[in-house]
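Below: one structure, written as structure tokens.
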Amino acid sequence: MKTIKMFFVSFFLVCQFPVFLFAQDISVHYLIGKSKSAVIKQYGNPAHQDNSNLDMMCMFYQTKTTRMIFVSNKEGIYQSEATINYGTEAKARNVVDDCIKSSLADGFKVDTVSVNDFQLSKTGVKATLQLSENKISKSFDVSVKANRSED
């Protein structure tokens with residue numbers, strides 16, 4: 001009986017591990033220009049897909065604290081958005097700082113618009129990174145919106 005319980009607990013934890021990793025990943029701007037299969041490889045199968053228009057195929061991912069949207073065409077992902085909700089400003093600020101550091105290391109330029117608003121750019125990609133307080137839920141949202149650009 002104890003072995004069966006340990007098996008189910010282990011199975012549950014293994015199933016939850018990708019969710020914990022997925023919930024922390026806000027850097028969706030790296031996927032601009034990549035294929036739909038690259039997104040699926042990184043995040044798994046989407047919660048919902050809309051393939052009714054080949055020039056605007058959408059993939060949606062959602063957990064309790066995370067929402068992600070990827071829009072693609074035959075050439076690859078051309079728009080991505082992610083919003084993650086955090087319980088404290090300190091956790092949200094750490095995620096913003098880590099995202100900026102990794103973006104700089106990957107060749108992005110970072111322009112500060114305000115303390116909570118940043119513009120990230122690299123050849124072919126423009127993105128905004130924002131931290132905002134959600135007054136209703138008394139939590140903090142970190143969001144990234146990225147688009148393919150012509151420059």
Side-chain angles (χ1 to χ4, degrees), residues 11-137 139-151:
F11 180 75
F12 176 75
L13 290 174
V14 167
C15 290
Q16 290 299 314
F17 186 69
V19 172
F20 295 134
L21 290 176
F22 169 66
Q24 302 302 317
D25 192 6
I26 193 75
S27 300
V28 296
H29 54 291
Y30 293 109
L31 293 167
I32 297 294
K34 303 280 194 307
S35 66
K36 277 179 52 176
S37 60
V39 174
I40 292 171
K41 183 178 179 182
Q42 182 162 350
Y43 296 113
N45 288 324
H48 178 71
Q49 259 188 128
D50 181 2
N51 292 328
S52 59
N53 181 351
L54 293 179
D55 289 326
M56 196 171 84
M57 296 181 285
C58 302
M59 295 187 298
F60 303 91
Y61 293 86
Q62 184 164 353
T63 66
K64 187 175 180 180
T65 59
T66 306
R67 290 177 309 281
M68 293 186 184
I69 302 169
F70 297 92
V71 183
S72 66
N73 59 15
K74 293 175 261 176
E75 298 169 13
I77 303 295
Y78 65 84
Q79 182 177 347
S80 62
E81 295 183 19
T83 302
I84 300 180
N85 184 274
Y86 295 95
T88 65
E89 184 177 8
K91 286 181 184 177
R93 182 73 58 195
N94 286 339
V95 169
V96 169
D97 292 344
D98 290 344
C99 184
I100 290 171
K101 287 176 191 172
S102 65
S103 296
L104 285 169
D106 194 46
F108 280 85
K109 294 178 185 174
V110 179
D111 291 328
T112 304
V113 177
S114 71
V115 174
N116 297 324
D117 192 6
F118 304 91
Q119 300 293 321
L120 309 171
S121 61
K122 181 179 177 179
T123 303
V125 181
K126 290 191 185 232
T128 59
L129 172 64
Q130 295 178 323
L131 170 66
S132 60
E133 182 178 3
N134 187 330
K135 304 251 185 210
I136 295 170
S137 65
S139 60
F140 295 85
D141 293 335
V142 176
S143 65
V144 172
K145 295 179 182 177
N147 293 300
R148 185 169 42 207
S149 67
E150 298 301 318
D151 58 341

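Small disclaimer: the values here were computed from a predicted structure and weren't measured. Along the sequence shown, residues carry numbers from 1.
- Formation of a donor-acceptor pair under 3.5 Å by the Tyr61 side chain with backbone atoms of Ala82 is not found in this model.
- A donor-acceptor pair under 3.5 Å is absent between the side-chain atoms of Tyr86 and the main chain of Thr65, judged by distance alone.
- Note that NZ of Lys126 is 11.5 Å distant from CG of Leu120, once rounded to the nearest 0.5 Å.
- Considering only residues two or more places apart in sequence or on other chains, Asn51 meets the side-chain hydrogen bond (donor to acceptor under 3.5 Å, both in side chains) condition with Lys36.
- Interatomic distance, CG of Leu31 versus CD of Gln42, reported as 5.0 Å (0.5 Å rounding).
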Worksheet entry | side chain to side chain donor-acceptor pair (under 3.5 Å) evaluation trace for Asp50 with Ser52 | CA-CA 6 Å; Asp50 181 2; Ser52 59; 2.7 Å; yes
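- Other residues, nucleotides and ligands contribute over 12 non-hydrogen atoms within 6.0 Å of the CZ atom of Arg148.
- Side-chain contact between Tyr78 and Met56 is present, with heavy atoms from C-beta onward closer than 4.5 Å.
- Note that SG of Cys99 is 4.5 Å distant from NE2 of His29, once rounded to the nearest 0.5 Å.
- Atom OG of Ser72 sits about 10.0 Å away from atom CG of Asp55, to the nearest 0.5 Å.
- In this structure, Arg93 CZ and Thr88 OG1 are separated by 11.0 Å, a value rounded to the nearest 0.5 Å.
- When each of Val144, Val96, Asp111 is tested with Phe118 by the rule side-chain contact (heavy atoms from CB on, under 4.5 Å), just one qualifies, namely Val96.
- Summarising the local packing, NZ of Lys145 is surrounded by 12 or fewer heavy atoms from other residues, nucleotides or ligands at distances under 6.0 Å.
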